[in-house]
Amino acid sequence: MVEAGEIGGAAVFALAAAAALSAASSIGAVDFRRPLAAVGGGGAFEWDGVVPWLIGVLGGGDEAAAGGVSVGVAAWYEVWVRVRGGVIAPTLQVAVWVCMVMSVMLVVEATFNSAVSLGVKAIGWRPEWRFKWEPLAGADEEKGRGEYPMVMVQIPMYNELEVYKLSIGAACELKWPKDKLIVQVLDDSTDPFIKNLVELECESWASKGVNIKYVTRSSRKGFKAGALKKGMECDYTKQCEYIAIFDADFQPEPNFLLRTVPFLMHNPNVALVQARWAFGKDFIPNFAVNDTTSLLTRVQKMFFDYHFKVEQEAGSATFAFFSFNGTAGVWRTTAINEAGGWKDRTTVEDMDLAVRASLNGWKFIYVGDIRVKSELPSTYGAYCRQQFRWACGGANLFRKIAMDVLVAKDISLLKKFYMLYSFFLVRRVVAPMVACVLYNIIVPLSVMIPELFIPIWGVAYIPMALLIITTIRNPRNLHIMPFWILFESVMTVLRMRAALTGLMELSGFNKWTVTKKIGSSVEDTQVPLLPKTRKRLRDRINLPEIGFSVFLIFCASYNLIFHGKTSYYFNLYLQGLAFLLLGFNFTGNFACCQ
């Protein structure tokens with residue numbers, strides 16, 4: 001059955017597509033009548049001057065030598081022109097038009113999400129308008145205690161020396177009847193010293209009357225999904241109606257369960273309530289982790305702000321579907337079991353469970369007003385590993401679950417379209433592909449291939465539209481928007497490689513790497529720090545980024561010297577500089593090669 005939210009979402013999407021097409025037509029940008037291998041007008045002028053100059057340089061002033069060289073260079077130049085015009089340019093031209101189509105798909109998707117997000121903000125829409133929510137009676141009253149369901153809090157961790165006390169302490173201090181709450185610490189640590197510290201911390205809270213369980217495994221099979229699955233197999237889990245999940249660096253506010261669980265209690269068709277991640281005092285007074293420690297963390301915050309404000313908000317308000325973020329959420333135990341439990345077939349076990357639960361007809365609620373303290377990756381390497389795992393896992397899940405979505409019987413056709421097209425195809429495949437191929441490969445190469453035609457609306461109007469759409473929901477971050485653009489240009493290479501790895505199941509597609517935490521929000525002199533290990537120079541620099549910077553700077557210099565019909569050198573120099581800085585791990589905190 002199609003719901004009002006889904007119909008509204010489809011209508012907004014159609015309006016976004018129509019608006020994009022109308023704008024393109026009004027400025028004459030959409031015109032596919034141009035021949036496939038259109039020849040640029042500046043090609044002859046460019047090379048007529050270059051070839052004689054090159055012949056003269058190689059001839060060294062000797063007429064005989066110059067004559068011999070001129071014949072050889074002219075022959076090679078003729079071969080290059082034929083290969084360039086007959087093979088390279090047509091091939092790249094096909095890629096250009098594919099990228100143009102993908103760019104339109106991307107801008108329509110972004111416009112749709114932003115329109116919904118702005119509409120939600122404009123009318124002050126809240127989840128309580130659509131889903132019932134009533135506060136629970138006082139936890140200290142005998143009458144009220146009977147209304148409280150049994151809740152389990154799961155905290156999976158792996159060698160989390162710097163932050164294990166934060167999450168355990170925050171979970172144990174949640175406002176909920178003690179006899180109705182179980183805190184389960186799933187410790188996969190391989191370091192016996194850290195393992196002992198975590199166990200001692202659990203024993204300390206147990207001595208204070210908290211019902212806390214310490215669970216370990218003999219192997220790390222399945223990584224986080226395996227640990228969560230192990231926790232679900234414990235006997236005491238069967239008495240728990242709801243399960244809250246927090247990663248080791250997350251610190252929920254004491255009233256977290258009081259604000260989230262009522263949604264599940266009063267709406268039997270809801271499986272998940274997702275809260276928003278918070279990284280600094282903007283959202284939670286007197287609290288700061290590391291959102292302002294470097295330019296890297298500031299840019300990351302922009303990325304996550306857009307994800308939560310726009311993507312999660314739009315999915316929740318229209319189709320009551322979005323991806324579980326893996327933490328800071330509360331699940332209905334029945335929904336997890338009906339969906340088949342936790343699976344380790346991808347590196348995005350959270351997204352996998354969310355999709356399978358949605359296919360069974362369950363709905364999700366995103367509550368942006370509820371924020372949970374967390375930590376951003378503090379180094380470029382850690383952030384890259386996190387993004388690779390997410391991008392690779394999402395693309396791989398698309399490959400594995402697309403057919404299940406198509407044949408699902410408990411969701412509407414509109415929701416199927418949203419899941420397959422918007423959620424998977426555009427966000428997990430199109431976005432990383434087009435951004436990398438068009439702006440980091442085709443545009444730089446076009447300065448050396450005058451036969452290649454790139455529509456101005458594809459390299460100017462669409463990027464500008466995406467920039468405006470992003471800025472609208474991040475006005476506070478306007479001053480660092482240029483850095484965000486350059487940073488995302490670098491990240492597109494990694495995300496495209498990750499998406500291809502996941503889609504084609506290349507080597508390492510199911511590799512799990514834990515994001516290193518630093519625990520910067522707490523000063524704990526009782527937690528001993530492990531000694532830092534010295535890294536070799538090749539482990540302190542990123543050769544792919546440096547290689548790409550050389551390519552981009554070369555293309556920019558070529559465009560500056562042999563100026564043809566395009567002038568991309570300014571942009572290419574900036575992109576090359578961004579790649580170079582990140583290649584040496586400079587992240588805006590005056591420390592590099594670390």
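Because only heavy atoms are used, hydrogens play no part in the values below, and waters and symmetry mates are left out as well, while side chains stay in. One is the number of the first residue; the rest follow in order along the sequence.
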Requested in this report: Work out which heavy atom in Val107 is nearest to a heavy atom in Ala465; give both atom names and the distance.
Outcome: CG2-CB, 3.9 Å
Query raised in the report: Under 4.5 Å between any side-chain heavy atoms of Glu451 and Gln93, yes or no?
Result: no
Query raised in the report: Which value, rounded to the nearest 0.5 Å, describes the distance between Arg389 atom CZ and Phe223 atom CZ?
Result: 10.5 Å
Pair up each side-chain donor or acceptor in residues 501-511 with any protein partner under 3.5 Å, not counting sequence neighbours, and list the distances.
{"residue": "Thr501", "atom": "OG1", "partner": "Arg497", "partner atom": "O", "Å": "2.7"}
{"residue": "Glu505", "atom": "OE2", "partner": "Asn396", "partner atom": "ND2", "Å": "3.1"}
{"residue": "Glu505", "atom": "OE2", "partner": "Lys400", "partner atom": "NZ", "Å": "3.0"}

Requested in this report: Run the numbers on Phe487 and Tyr383 for ring-ring contact (aromatic ring centres under 6.0 Å, His included), then give the verdict.
Outcome: CA-CA 12 Å; Phe487 181 78; Tyr383 182 65; 5.7 Å; yes
Requested in this report: Determine whether the side chains of Asn325 and Asp350 contain a donor N or O and an acceptor N or O closer than 3.5 Å.
Outcome: no
Query raised in the report: Any side-chain heavy-atom pair from Ile541 and Leu543 closer than 4.5 angstrom?
Result: yes
Query - Full working for salt bridge (Lys or Arg N to Asp or Glu O under 4.0 Å) between Lys343 and Glu349 - result: CA-CA 6 Å; Lys343 294 186 178 181; Glu349 74 295 323; over 6 Å; no
Report task. Determine the minimum heavy-atom distance between Asn585 and Gly381, stating which atoms define it. Result -> OD1-N, 4.4 Å
Query raised in the report: Which is it for Arg427 and Glu311 under the side chain to side chain contact (heavy atoms under 4.5 Å, CB included) test, yes or no, and what are the steps along the way?
Result: CA-CA 10 Å; Arg427 297 186 203 173; Glu311 294 178 338; 3.9 Å; yes
Query raised in the report: Relative to each other, are the rings of Phe304 and Phe279 parallel, tilted or perpendicular (30° and 60° limits)?
Result: tilted
Report summary line: When every non-hydrogen atom of Ser103 is compared with those of Ile462, the smallest separation belongs to CB-CD1, 3.6 Å
Query raised in the report: Below 4.5 Å, heavy atoms only, C-beta onward: do Leu425 and Met419 meet side chain to side chain?
Result: no
Report task. Determine whether Val493 and Pro544 make a side-chain contact, defined as any pair of heavy atoms from C-beta on separated by less than 4.5 Å. Result -> no
Query raised in the report: With ring centroids as reference points, do Phe303 and Trp484 lie under 6.0 angstrom apart?
Result: no
Query raised in the report: Parallel, tilted or perpendicular: which fits the ring planes of Phe562 and Tyr558, with parallel below 30° and perpendicular above 60°?
Result: perpendicular
Report task. Over 60° means perpendicular and under 30° means parallel, so classify the ring planes of Tyr573 and Tyr569, tilted if in between. Result -> perpendicular
Report task. For the pair Met433 and Leu500, evaluate side chain to side chain contact (heavy atoms under 4.5 Å, CB included) and give the outcome as yes or no after the intermediate values. Result -> CA-CA 9 Å; Met433 298 287 187; Leu500 289 175; 3.1 Å; yes
Report task. Please examine the side chains of Asn440 and Phe551, heavy atoms only from C-beta on, and report whether any two atoms are closer than 4.5 Å. Result -> no
Report task. Measure from the side-chain N and O atoms of Thr492 to the backbone N and O of Ser489, and report whether any donor-acceptor pair falls under 3.5 Å. Result -> yes
Query - Taking every non-hydrogen atom, the tightest pair across Asn559 and Thr566 - result: ND2-O, 3.1 Å
**Report entry** Any donor-acceptor N/O pair, Gln575 side chain to Tyr439 backbone, under 3.5 Å
**Finding:** yes
Query raised in the report: Going by atom types alone, do Glu545 and Tyr380 pair a side-chain donor with an acceptor below 3.5 Å?
Result: yes
Query raised in the report: Between the main-chain N or O of Leu582 and the side-chain N or O of Asn542, is there a donor-acceptor pair closer than 3.5 Å?
Result: yes
Query raised in the report: After noting the C-alpha distance and the side-chain angles of Asp247 and Lys224, does the key distance pass the salt bridge (Lys or Arg N to Asp or Glu O under 4.0 Å) rule?
Result: CA-CA 10 Å; Asp247 283 347; Lys224 181 179 177 180; 2.8 Å; yes
Query - Closest non-hydrogen atom pair between Ala317 and Val120, with its separation - result: CB-CG2, 3.8 Å
Report task. Report the distance from atom CE of Met491 to atom CD of Gln387, rounding to the nearest 0.5 Å. Result -> 5.0 Å
Requested in this report: Find out whether Glu313 and Val116 are in side-chain contact, i.e. whether some heavy atom of one side chain is under 4.5 Å from a heavy atom of the other.
Outcome: no
Requested in this report: Check the pair Phe250 / Lys373 against side chain to side chain contact (heavy atoms under 4.5 Å, CB included), numbers first and verdict last.
Outcome: CA-CA 6 Å; Phe250 278 72; Lys373 309 171 187 177; over 6 Å; no
Requested in this report: Spell out, as yes or no, whether a donor-acceptor pair under 3.5 Å connects the side chain of Ser557 to the backbone of Ile553.
Outcome: yes
Query - Polar side-chain atom of Ser358 near backbone of Val355 as donor-acceptor pair, under 3.5 Å - result: no
Requested in this report: Begin with the C-alpha distance, continue with both residues' side-chain angles, and end with the deciding distance and a verdict on side chain to side chain contact (heavy atoms under 4.5 Å, CB included) for Trp80 and Ile88.
Outcome: CA-CA 10 Å; Trp80 159 245; Ile88 299 177; 3.7 Å; yes
Query raised in the report: Do you know the tightest heavy-atom contact between Ala89 and Leu452?
Result: O-CD1, 3.8 Å
Query raised in the report: Would you say the side chain of Met100 lies within less than 4.5 Å of the side chain of Val104, judging by non-hydrogen atoms?
Result: no
Query raised in the report: Backbone N or O of Thr327 within a donor-acceptor pair of the Gln274 side chain at under 3.5 Å?
Result: yes
Query raised in the report: In terms of the angle between their ring planes, are Phe364 and Phe321 parallel, tilted or perpendicular, with boundaries placed at 30° and 60°?
Result: tilted
**Report entry** Axial cation check for Phe423 ring with Arg428, 6.0 Å and 45° limits
**Finding:** yes
Report task. Keeping the roles fixed (side chain from Thr297, backbone from Ser294), state whether a donor-acceptor pair exists under 3.5 Å. Result -> yes
Query raised in the report: What distance do Tyr306 atom OH and Thr471 atom OG1 have between them, rounded to the nearest 0.5 Å?
Result: 10.5 Å
Query raised in the report: Could you state the interatomic distance from CZ (Arg298) to CG (Leu376), rounded to the nearest 0.5 Å?
Result: 11.5 Å
Report summary line: Value for OG (Ser117) from CG (Asn113), rounded to nearest 0.5 Å, stands at 8.5 Å
Query raised in the report: Hey, are the side chains of Pro455 and Val96 touching, using non-hydrogen atoms and a 4.5 Å cut-off?
Result: yes
Requested in this report: Please answer whether the main-chain N or O of Arg473 pairs with a side-chain N or O of Lys309 as donor and acceptor at a distance below 3.5 Å.
Outcome: yes
Query raised in the report: Rounded to the nearest 0.5 Å, what separation is found between the CG atom of Leu466 and the OG1 atom of Thr111?
Result: 7.5 Å
Query raised in the report: Do any N or O atoms from the side chain of Thr318 and from the backbone of Ala314 form a donor-acceptor pair under 3.5 angstrom?
Result: yes
Query raised in the report: Stepwise, does the salt bridge (Lys or Arg N to Asp or Glu O under 4.0 Å) test hold for Asp404 with Lys416?
Result: CA-CA 10 Å; Asp404 294 338; Lys416 287 183 181 181; over 6 Å; no
Requested in this report: Could you tell me whether a side-chain N or O of Ser549 sits under 3.5 Å from a main-chain N or O of Phe579, the two making a donor and an acceptor?
Outcome: no
Requested in this report: Give the C-alpha distance, both sets of side-chain angles, the deciding distance and a yes or no for salt bridge (Lys or Arg N to Asp or Glu O under 4.0 Å) between Glu488 and Arg495.
Outcome: CA-CA 10 Å; Glu488 284 298 302; Arg495 292 193 184 113; 2.6 Å; yes
